[in-house]
Amino acid sequence: TAQKELIRELDEGGMAALGIGIDLVFKRVPPALLDEARERSFPVLAVPLDTAFRDIVGFINRSLLSSDLHTYQRLNAIQR
């Protein structure tokens, strides 16, 4: 029940996805959590133990910044 509620709260709170560290607490993503995520089309990522969450967050931030930077450069060129 708590796993299903977690997915519901994340989805309704506007979160983009949930990353679960595999072999940290769980050997695999819990089935109840996956069932609720599938029903809501909510992404769940299985993160291997040797992948640092900070690397994932850093990649996402760089990707977003890169996209924003491209948009601002394009806007600037259009205004010229």
Side-chain angles (χ1 to χ4, degrees):
T1 303
Q3 293 172 4
K4 290 183 177 190
E5 188 174 317
L6 172 63
I7 295 297
R8 181 186 59 77
E9 288 176 9
L10 293 173
D11 189 29
E12 292 175 1
M15 298 298 113
L18 171 66
I20 300 229
I22 300 301
D23 287 332
L24 209 57
V25 174
F26 299 104
K27 292 288 182 194
R28 60 188 183 101
V29 179
L33 194 139
L34 278 179
D35 289 343
E36 184 68 17
R38 281 189 193 110
E39 283 182 29
R40 294 176 169 271
S41 298
F42 187 83
V44 174
L45 312 169
V47 181
L49 187 59
D50 61 342
T51 301
F53 279 95
R54 71 175 176 274
D55 292 340
I56 296 170
V57 172
F59 176 82
I60 292 168
N61 286 337
R62 284 189 306 278
S63 296
L64 291 173
L65 178 61
S66 175
S67 175
D68 288 346
L69 180 59
H70 176 71
T71 301
Y72 290 129
Q73 288 173 336
R74 188 165 177 223
L75 179 60
N76 189 27
I78 291 170
Q79 288 177 342
R80 285 186 198 164

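Two residues are said to be in side-chain contact when any heavy atoms from C-beta on lie closer than 4.5 Å; L49 and I22 fail this criterion. Between I20 and L45, the closest side-chain pair of non-hydrogen atoms is not below 4.5 Å. When side chains are defined from C-beta on, I7 counts as touching L33, because their heavy atoms get closer than 4.5 Å.
For the atom pair I56 CD1 and I60 CD1, the distance stands at 7.0 Å (nearest 0.5 Å). One finds the CZ atom of R8 at 11.5 Å from the OG1 atom of T1 (value rounded to the nearest 0.5 Å).
Across all their heavy atoms, V47 and G19 have their closest contact at CG2-CA, 4.2 Å. Closest of all the heavy-atom pairs between P30 and Q3 is CB-OE1, 3.2 Å. Closest non-hydrogen pair, S41 versus P43, comes out as O-CD, 3.7 Å.
Cluster annotation: L10 is connected to V25 through the hydrophobic network of ILVMFWY side chains, with a link wherever side-chain heavy atoms come within less than 4.5 Å.
Every pair passing salt bridge (charged side-chain N to carboxylate O under 4.0 Å, His left out) that includes a residue from residues 39-60 is listed here, sequence neighbours excluded: D11-R40, E12-R40, E36-R40.
Within 6.0 Å of the CZ atom in F59, the count of heavy atoms belonging to other residues, nucleotides or ligands does not exceed 12.
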